[in-house]
There are 2 protein chains.
Amino acid sequence: MFSVPTRTQYGIRALVHLATSEARSSTSAEIAKAQAISPKYLEGILGQLKTSGLVLSERGAHGGYRLAREPESIPMREIVEALEGEIRPVGCVDDSDCCEQGVDCLPRRFWIGLKQAIDGYLDSKTLRDVIEA
Amino acid sequence: MFSVPTRTQYGIRALVHLATSEARSSTSAEIAKAQAISPKYLEGILGQLKTSGLVLSERGAHGGYRLAREPESIPMREIVEALEGEIRPVGCVDDSDCCEQGVDCLPRRFWIGLKQAIDGYLDSKTLRDVIEA
DNA sequence: CGGTATTCCTATCGGGATAGTAGGAATATA
DNA sequence: TATATTCCTACTATCCCGATAGGAATACCG
Ligand code: FES
Ligand code: FES
């Protein structure tokens, strides 16, 4: 349960690769091979990370991807949310209600607490922490 | 992301219903109506909770379900794991490896930390905490 | 300019899980 | 016996995920 989609796992592994690589930039194909990830699939993931401003890219020959910031400035939460959106165990974590109990719903606070626990962990780790663990 | 299946949400709401109900026991149909849950679907969920030893049941007329223990003796983690198995963000949280990095895999520790954060929260709350929040 | 390497865009597909449905057998009460 | 309920098994429909395909845009390099 609570399994993390491969999309997110791959994205993080790709960022770890970029953060630990000597080279100034790496191509999608390089990363895919090194990390044993489906190349075409990884392309899309890197595109998503680029849209979110986590990586920069250069096209054409000698192009590739590199981190947009230093690893210590990239919180893991930002990565996860870039890949799969905000942590939302259940619909009612924001304002709205998802069951018939309305605002006084008891489970609701429980779920909000869970979200906070997860967010807290993700906020406490940066990409630097991960590559140095 | 990290959305909790309705199965788990329903299960918890059913247990909350049992814990807060005055009656000695409630039928599946009663709970389904009170909580606006698909009746037949809820039947299966209650069966699962029974198999896990969280609720007791009596068949026949005037039968129904009731909690097997006091709410303060039911950790939320036990409920969640009864409904969807152990918390396992990614395959390698136990011994095995899931990527090509082997045991030294960097992201792995990150995922294990996440699992611990979630487990810690779920261990810290009992059904009593939820109904009294 | 031509060739090549690469990112980037869009569309599609198959499998598996989830959510829900259906029907009825077993069992208890009255 | 009639009725209320849990319990069991099978089925379906839908959605999401992971992956694939093909090619357009763009940059370097001689
Ligand atoms: S409002 Fe979300 S579980 Fe009740
Ligand atoms: S071993 Fe699980 S992410 Fe590397």
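Numbered from 1 within each chain, the chains take letters A, B, ... in sequence-line order.
For the pair B/R66 CZ and D/dT5 P, the computed distance is 16 Å after rounding to whole Å. Rounded to a whole Å, the CG atom of A/L56 is 13 Å from the P atom of C/dT7. D/dT20 atom P lies 12 Å from atom CD1 of A/I37, rounded to whole Å. The interatomic distance linking A/R59 (CZ) with C/dC9 (C1') rounds to 9 Å, in whole Å. Atom-to-atom, CG of B/L49 to P of D/dC7 comes out at 11 Å; the value is rounded to the nearest Å. Put simply, CD on B/Q48 is 12 Å from P on C/dA19, counting in whole angstrom units. The interatomic distance linking B/M1 (CE) with D/dC16 (P) rounds to 14 Å, in whole Å. Distance CD1 (B/I45) to P (C/dT18): 12 Å, rounded to an integer number of Å.
Within 4.0 Å (heavy atoms only), B/E58 reaches sugar-phosphate atoms of the nucleic acid but no base atom. Note on A/G64: only backbone sugar-phosphate atoms sit closer than 4.0 angstrom, heavy atoms only; bases stay farther off.
For the OP1/OP2 pair of D/dT20 and a distance below 4.0 Å, the side-chain nitrogens and oxygens of A/S38 include at least one atom meeting the criterion. Between B/T6 and the phosphate of C/dA19, there is a side-chain N or O to OP1/OP2 separation shorter than 4.0 Å. In this structure, A/Y10 reaches the D/dA19 phosphate: one of its side-chain N or O atoms is under 4.0 Å from OP1 or OP2. Applying the 4.0 Å criterion to OP1 and OP2 of D/dC7, one finds that B/K50 has a side-chain N or O inside that range.
For B/H62 and A/G60, each mapped to the nucleotide of DNA chain D holding its nearest heavy atom, the one lying further toward the 5' end belongs to B/H62. Both B/Y65 and A/P5 lie near DNA chain D, and the one whose nearest nucleotide falls closer to the 5' end is B/Y65. Both A/A61 and A/L46 lie close to DNA chain C; mapped to their nearest nucleotides by heavy-atom distance, the more 5′-ward contact belongs to A/A61.
With ring centers used as reference points, B/F110 lies under 6.0 Å from A/Y121.
A distance of 4.0 Å separates CG in B/L42 from CG in B/L46, rounded to the nearest 0.5 Å. The CG atom of A/L127 lies 10.0 Å from the CD atom of A/E132; values are rounded to the nearest 0.5 Å.
A salt bridge links A/R24 with A/E58: the distance from a Lys NZ or Arg NE/NH1/NH2 to an Asp or Glu carboxylate oxygen falls below 4.0 Å. Of the charged side-chain nitrogens involved, none lies within less than 4.0 Å of a carboxylate oxygen, so that B/D129 and B/K125 do not count as a salt-bridged pair.
Taking every side-chain heavy atom of B/S28 into account, D/dT6 is the closest of C/dT21, D/dT6, D/dA25.
If you check distances only, the side chain of A/K40 never reaches the base of D/dG18 with a donor-acceptor pair under 3.5 Å.
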